[in-house]
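Only one structure is covered here, and it is reproduced in the block below.
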Amino acid sequence: MKTASQPMLGAIEAGGTKLVLAIGPSPDVISERSTIETQDPATTLAEARRWFSDRGDFAAIGIATFGPARIDPHAEDWGHILPTTKPGWTGCDMAGFFQQAFAVPVGFDTDVNGAALGECYYGNSPDETSLAYVTVGTGIGGGLVIDGKPVHGIAHAEMGHILTPRAVGDHKFAGVCPHHGDCLEGLASGPAIIARWGKSLSELPADHPAHDIIASYLSQLCHTIFSMTSVPRIILGGGVMQTPGLLENVRRRMPALDCGYLPGGTAHQISAPSLGQNSGIVGALLLAKRALDRSV
């Protein structure tokens, strides 16, 4: 399944409810893919290993995973899942499992950094080397790419856990984040919406006040990202963003928030993922390619 000039790459986009598995000769060519349920680590990783083993040889694997995760390659616990509410996953050596199983280089980063990389290199704006990718779903997370490289500090960014001013008239809901209560994720994630209104945002009537409240919080996040990073584009993905009209509502609120101050002005864009549901898995394939390039 591989040639000397173009070896096959393996990729995993690991989410809290499912893992997307793929192989391809390059990040922009997916030869085969599959989706498996995220169960306990032993069951899930063994199923992923069997899937890759059945596809023949590949030269490297890239993992874009849910967090929190240790992405510092110099850390002793690099490639591990850090303390998480997902049962059994705390301390899971995800990168090490696949290194040992296949004896190939492994690239490892967060799912949102992977999606940001995928959009940066293979999206519709190839001239943009800097952007942010935010997913709004079961949680809220953000990845940042500057000059073509994902931004890492002592850990990965946690954009979903910023503390944000309350939307007008929205002061009674305590929020669902177990750590912060009413941080952004606690107020605007999918579980927060259901906890507050009993339905997903897309199931609520178009004139329901929830639409404006959620758009208000997400536009505040976008303004914060633009102010702190000056990236030209923020991409909003995830299940909540599938709600009709939500993206347009977020865009519409930006000028009022900014009051014409940001030097980038209208050059700052808020977009849907140009790769659709493939942003993360394309980014994971790119992580595999980079891991392979570093090894030769």
Side-chain angles (χ1 to χ4, degrees), residues 11-16 19-20 22 27-28 62-73 78-79 81-82 84 94-95 107-126 128-162 183-185 188-190 218 220-241 247 250 268-291:
I12 300 170
E13 181 187 7
L19 265 66
V20 180
D28 58 338
I63 303 171
T65 182
F66 62 84
R70 184 70 71 204
I71 60 175
D72 178 1
W78 170 82
I81 301 299
L82 298 178
T84 176
M94 188 180 291
F108 186 80
D109 211 319
T110 64
D111 49 358
V112 283
N113 272 345
L117 282 168
E119 288 286 340
C120 185
Y121 281 85
Y122 298 99
N124 287 340
S125 302
E128 291 180 354
T129 59
S130 301
L131 57 78
Y133 184 101
V134 175
T135 184
V136 187
T138 304
I140 297 178
L144 181 64
V145 172
I146 300 293
D147 293 333
K149 298 179 180 179
V151 174
H152 298 160
I154 58 173
H156 50 78
E158 285 289 359
M159 296 182 190
H161 290 274
I162 66 169
C183 64
L184 180 68
E185 181 172 294
S189 63
L218 296 180
Q220 288 184 43
L221 172 63
C222 289
H223 185 262
T224 298
I225 294 172
F226 283 140
S227 298
M228 295 186 69
T229 69
S230 199
V231 290
R233 185 177 304 276
I234 297 171
I235 296 170
L236 298 180
V240 173
M241 292 308 305
L247 179 63
V250 173
H268 292 295
Q269 299 293 311
I270 303 172
S271 306
S274 60
L275 297 176
Q277 301 300 313
N278 287 332
S279 304
I281 199 64
V282 168
L285 283 165
L286 181 56
L287 291 173
K289 182 179 183 301
R290 289 184 168 185

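Numbering of residues begins at 1 and proceeds along the displayed sequence. Below, each value reflects all heavy atoms present in this structure, side chains not excepted, and no hydrogens, waters or symmetry copies.
Put simply, the side chain of Glu185 gets close to the backbone of Ile140: a donor and an acceptor are under 3.5 Å apart.
Pairing each heavy atom of Gly107 with each of Ala291, the nearest pair is N-CB, 3.5 Å. Residues Ile235 and Ala272 share a closest heavy-atom pair of CG2-C, 3.8 Å. When all heavy atoms of Val282 and Tyr122 are compared, the closest pair comes out as CG1-CD1, 3.7 Å. Nearest approach of Ala288 to Gly62, heavy atoms of both residues: CB-N, 3.3 Å. Across all non-hydrogen atoms, the minimal contact from Gly114 to Ala64 is CA-CB, 4.3 Å. Closest approach of Gly238 to Tyr133, counting heavy atoms only: N-OH, 4.5 Å.
Residues Ile71 and Thr65 have side chains not in contact (no heavy-atom distance under 4.5 Å, counting atoms from C-beta outward). With contacts defined as side-chain heavy-atom distances shorter than 4.5 Å, the pair Val231/Ile146 qualifies. Looking at heavy atoms from C-beta onward, Pro27 lies out of side-chain contact with Tyr121 at the 4.5 angstrom threshold. Between Pro273 and Glu119, some side-chain heavy-atom pair lies under the 4.5 Å cut-off. Counting heavy atoms from C-beta outward, Met159 and Leu144 have side chains that approach closer than 4.5 Å. A heavy-atom distance below 4.5 Å is not found between the side chains of Ser130 and Val145. Side-chain contact between Leu117 and Arg290 is present, with heavy atoms from C-beta onward closer than 4.5 Å. Looking at heavy atoms from C-beta onward, Val134 lies in side-chain contact with Ile234 at the 4.5 angstrom threshold.
Considering CG of Leu236 and CG of Leu218, their distance stands at 6.5 Å, rounded to 0.5 Å. In this structure, the separation between CG on Asp28 and NZ on Lys289 is 10.0 Å, given to the nearest 0.5 Å. Atom CG of Leu287 sits about 11.5 Å away from atom CD1 of Ile12, to the nearest 0.5 Å. Taking CD1 of Ile281 as the start and CG of Leu19 as the end, the distance is 9.0 Å to the nearest 0.5 Å. Taking CZ from Arg70 and OG1 from Thr110, the interatomic distance works out to 13.5 Å, rounded to the nearest 0.5 Å.
Residues that satisfy the ring-ring contact (aromatic ring centres under 6.0 Å, His included) test with His223, not counting sequence neighbours, are absent from this structure. Not counting sequence neighbours, the partners of Arg233 by the salt bridge (Lys or Arg N to Asp or Glu O under 4.0 Å) test are Glu128. Considering only residues two or more places apart in sequence or on other chains, His161 meets the side chain to side chain donor-acceptor pair (under 3.5 Å) condition with His180.
The aromatic rings of His268 and Phe226 sit tilted relative to each other, their planes meeting at an angle between 30° and 60°.
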Under the side chain to side chain contact (heavy atoms under 4.5 Å, CB included) criterion, do Asp72 and His152 qualify, and how do the steps go?
CA-CA 8 Å; Asp72 178 1; His152 298 160; over 6 Å; no
Could you please spell out the steps behind the side chain to side chain contact (heavy atoms under 4.5 Å, CB included) verdict for Val250 and Ile270?
CA-CA 8 Å; Val250 173; Ile270 303 172; 4.2 Å; yes
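For the residue pair His156/Asp109, the side-chain donor-acceptor check at 3.5 Å is not satisfied.
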